[in-house]
Every structure is written in C-alpha cells, then in structure tokens.
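See structure below.
Throughout, a chain's letter reflects where its sequence line sits, starting with A, and its residues are numbered from 1. The figures that follow rest on heavy atoms only: side chains count, while hydrogens, waters and symmetry mates do not.
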Protein chains: 2
Amino acid sequence: MTRQRRVILEELRKLDFHPTADEVYEIVRRRLPRISLSTVYRDLEVLCDYGEIQVLEIGCSKKHFDPETRSHYHARCSRCGRVENLPVEPFTYLERAFSDLCEYEITGHRMELIGLCPVCRQQKGQEEAPGG
Amino acid sequence: MTRQRRVILEELRKLDFHPTADEVYEIVRRRLPRISLSTVYRDLEVLCDYGEIQVLEIGCSKKHFDPETRSHYHARCSRCGRVENLPVEPFTYLERAFSDLCEYEITGHRMELIGLCPVCRQQKGQEEAPGG
DNA sequence: CTAGATGCAAATTCTTTGCGGTCAA
DNA sequence: TTGACCGCAAAGAATTTGCATCTAG
C-alpha cells in the first residue's frame with residue numbers, strides 16, 4: 001500500500017458518490033500534486049484486485065469507482081452523471097426467479113435507478129420558471 | 001430512410017441478441033460491402049433519434065443496439081459478452097418504491113442479469129472435465 | 001440545384017502500456 | 001541491490017468529426 005494508493009482509497013471513502021477516474025485524479029491531486037493520471041488508473045485497478053473497491057460500468061463510456069464492494073444498487077442522475085448508492089438490500093431472490101425464465105446460469109444482477117439528483121432537480125425547476 | 005439505414009434496421013430486427021456497432025458493421029457488410037463503420041455509427045444514432053432502436057450502455061466499454069425500444073430487462077453473458085432480452089415485464093412499482101427511499105426524481109430503471117449463456121455454459125463444462 | 005447522406009481518414013476521448021528513474025526493505 | 005511503483009509520453013480501442021463526393025427529389 002503506497003502513499004498514492006492510500007490517498008486514493010481514503011479520498012474515495014470520503015465521498016458520498018462514485019467518481020470517474022479523472023474525477024479521482026482531480027481530487028487526489030489536491031493532496032498529491034505530482035501524481036499522474038496513469039498512476040490513478042493503475043492504482044484503481046490494483047485496489048480492485050485487492051478487493052478494496054469495485055468498478056461500476058454503469059451509464060457507460062466512463063467507469064465509476066465505488067469503495068463499497070458488497071453488491072448494492074445505484075441511482076444515476078441523467079443530467080449530471082452523478083452515481084450514488086441506494087439504501088436497500090439487493091433482491092437476490094430475483095436471480096433464482098430469473099433462472100427459471102431463461103437458459104442462463106445466473107451469477108449476479110445489477111439494478112440502477114435513473115432520474116434527477118436533488119441538485120439537478122432544483123436547477124431544472126429554476127430553468128423552467130425563469131423569474132416568474 | 002436510406003438504403004444503409006434500412007438494411008441496418010432490418011438486420012438488427014432479425015437477431016435474437018443485441019450487437020455492438022462493429023458487430024452490426026460486420027453483419028451489414030454482407031449486404032452492403034462498401035458501407036463504412038462511421039456510417040454504421042451515424043445511422044445507429046439517427047435510428048435512436050427516430051425512436052426505432054435504443055442504445056444499451058451495459059457491461060460497458062462498448063455500446064449495444066436493441067431494436068425493441070420499450071423498456072425491458074436484459075441478460076448478459078460474463079464470458080462472451082452476449083446481451084439478450086429477458087421475457088418479463090419491468091417492475092415499474094420499484095420506481096415508486098425507490099422514490100420514497102432517495103431524493104431523486106426517478107424517471108426509469110434498468111436491470112441486468114449476469115451469468116453464463118447456454119453456449120458458454122456448455123463450453124465451460126467441457127473445459128472443466130477434459131476427457132473424463 | 002440542393003439538402004442530406006456517404007465513405008474515407010483524421011481527430012477525440014477514455015484507458016492502458018512501455019520505459020527510465022525512484023524509493024523502501 | 002532488488003522489486004515494486006512512479007511519472008511521463010506514447011499507444012490502443014471505441015467512437016465521433018471534417019470534408020469532398022454522391023444521390024434522391
């Protein structure tokens with residue numbers, strides 16, 4: 001566990017949302033101004049291998065990194081791309097139910113709620129009623 | 001609706017899985033050998049805008065294209081990447097339930113079952129018991 | 001004609017890799 | 001001294017864009 005790796009993990013754990021690699025880079029740079037983006041990518045991968053964090057390939061095009069490795073659901077803002085946790089236990093019985101409906105050997109599932117986060121909700125309200 | 005666009009849509013509708021852009025390219029090339037990959041990307045985007053197909057940003061890194069635009073769930077093979085439909089109606093009540101659990105204004109949700117498709121299931125079985 | 005669409009090649013974006021130098025045990 | 005790790009720059013993969021040409025109306 002190197003300095004860079006430790007700082008990345010610490011910063012990830014402070015956040016209430018799941019950042020992308022370049023967001024991690026920007027955040028970590030405040031404490032380690034000389035860190036490189038490739039170190040961030042490499043350390044995020046190592047932290048996944050160690051089982052300290054997980055990658056979310058959600059919404060897509062960019063990966064998001066989550067310091068909680070147990071399975072859980074996410075909410076994603078369709079406006080700003082923010083990804084955060086949903087406070088419910090995953091419905092594992094769904095996997096058994098779906099096993100009977102298809103030929104797949106089911107090993108897991110993923111659910112994502114899509115909508116507007118509180119901030120974007122408010123901003124959208126202001127745009128739609130400008131000044132009156 | 002140009003020739004290229006029509007052929008792309010026809011071929012998509014024939015498939016029982018949801019291909020990536022380069023898979024669409026390979027398939028469509030059999031009928032239109034001079035089509036370019038950028039036309040495929042561009043036409044897939046136009047078809048989305050027209051509401052004829054939808055993009056699945058699933059599993060990630062590559063987009064998958066689905067000629068069924070109504071909301072539905074998918075199964076994804078963790079071995080070969082195949083993405084196909086699940087024969088169940090989406091549980092829209094989940095959106096109302098989650099609205100009470102978070103501050104989001106929920107507009108939709110997505111669920112994806114992960115596992116081994118029938119083909120990979122069989123291949124895996126053969127690898128694990130080679131020759132007896 | 002002309003507006004939109006195409007094919008090709010170059011550009012972008014996100015991510016990974018190669019390499020020489022650094023640091024801790 | 002050694003092996004893992006770093007920063008930098010270059011390479012890769014997926015996707016998008018610029019541009020000259022083509023085509024249907």
Taking only side-chain nitrogens and oxygens of Arg3(B), does any of them come within less than 4.0 Å of OP1 or OP2 of dT23(D)?
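For Arg3(B), the contact criterion (side-chain N or O under 4.0 Å from OP1 or OP2 of dT23(D)) is not met.
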
Contact under 4.0 Å: Lys63(A) side-chain N or O vs dT16(C) OP1/OP2:
yes

Categorize [X] for me: base, sugar-phosphate, or nothing, with a 4.0 angstrom heavy-atom threshold over every strand shown.
{"X": "Asp22(A)", "answer": "nothing"}
{"X": "Thr20(B)", "answer": "nothing"}
{"X": "Glu45(B)", "answer": "nothing"}

Taking the side chain as every heavy atom from C-beta outward, state whether Asp66(B) and Asn85(B) have any atom pair closer than 4.5 Å.
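Side chain of Asp66(B) against side chain of Asn85(B), heavy atoms only: contact under 4.5 Å found.
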
When the distance from [atom1] of [X] to [atom2] of [N] is rounded to whole Å, what number comes out?
{"X": "Arg6(B)", "N": "dG4(C)", "atom1": "CZ", "atom2": "C1'", "result": "17 Å"}
{"X": "Glu57(B)", "N": "dT15(D)", "atom1": "CD", "atom2": "C1'", "result": "12 Å"}
{"X": "Tyr50(A)", "N": "dA4(D)", "atom1": "OH", "atom2": "P", "result": "10 Å"}
{"X": "Leu37(B)", "N": "dT16(D)", "atom1": "CG", "atom2": "P", "result": "10 Å"}
{"X": "Arg29(B)", "N": "dG7(C)", "atom1": "CZ", "atom2": "C1'", "result": "13 Å"}
{"X": "Leu47(B)", "N": "dA5(C)", "atom1": "CG", "atom2": "P", "result": "11 Å"}
{"X": "Tyr41(B)", "N": "dA10(C)", "atom1": "OH", "atom2": "P", "result": "18 Å"}
{"X": "Arg34(B)", "N": "dA9(C)", "atom1": "CZ", "atom2": "P", "result": "11 Å"}

Could one point to a donor on the side chain of [X] or the base of [N] with an acceptor on the other under 3.5 Å away?
{"X": "Thr39(A)", "N": "dC5(D)", "answer": "no"}
{"X": "Arg42(B)", "N": "dG18(D)", "answer": "yes"}
{"X": "Thr2(A)", "N": "dC23(C)", "answer": "no"}

What one should report as the nearest heavy-atom pair of Glu57(B) and Lys63(B) is OE2-CE, 3.1 Å

Run the ring-centre check on Tyr104(A) versus Phe98(A) and record whether the distance is less than 6.0 Å.
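Aromatic pair excluded; centres sit 6.0 Å or further apart.
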
If the threshold is 4.0 Å, N to carboxylate O, is there a salt bridge linking Asp43(A) and Arg3(A)?
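Judged by the 4.0 Å cut-off on N to carboxylate O distance, Asp43(A) and Arg3(A) do not form a salt bridge.
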
Thinking salt bridges, do Arg13(A) and Glu10(A) make one under a 4.0 Å N-O criterion?
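Looking at Arg13(A) and Glu10(A), the cut-off is not met.
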
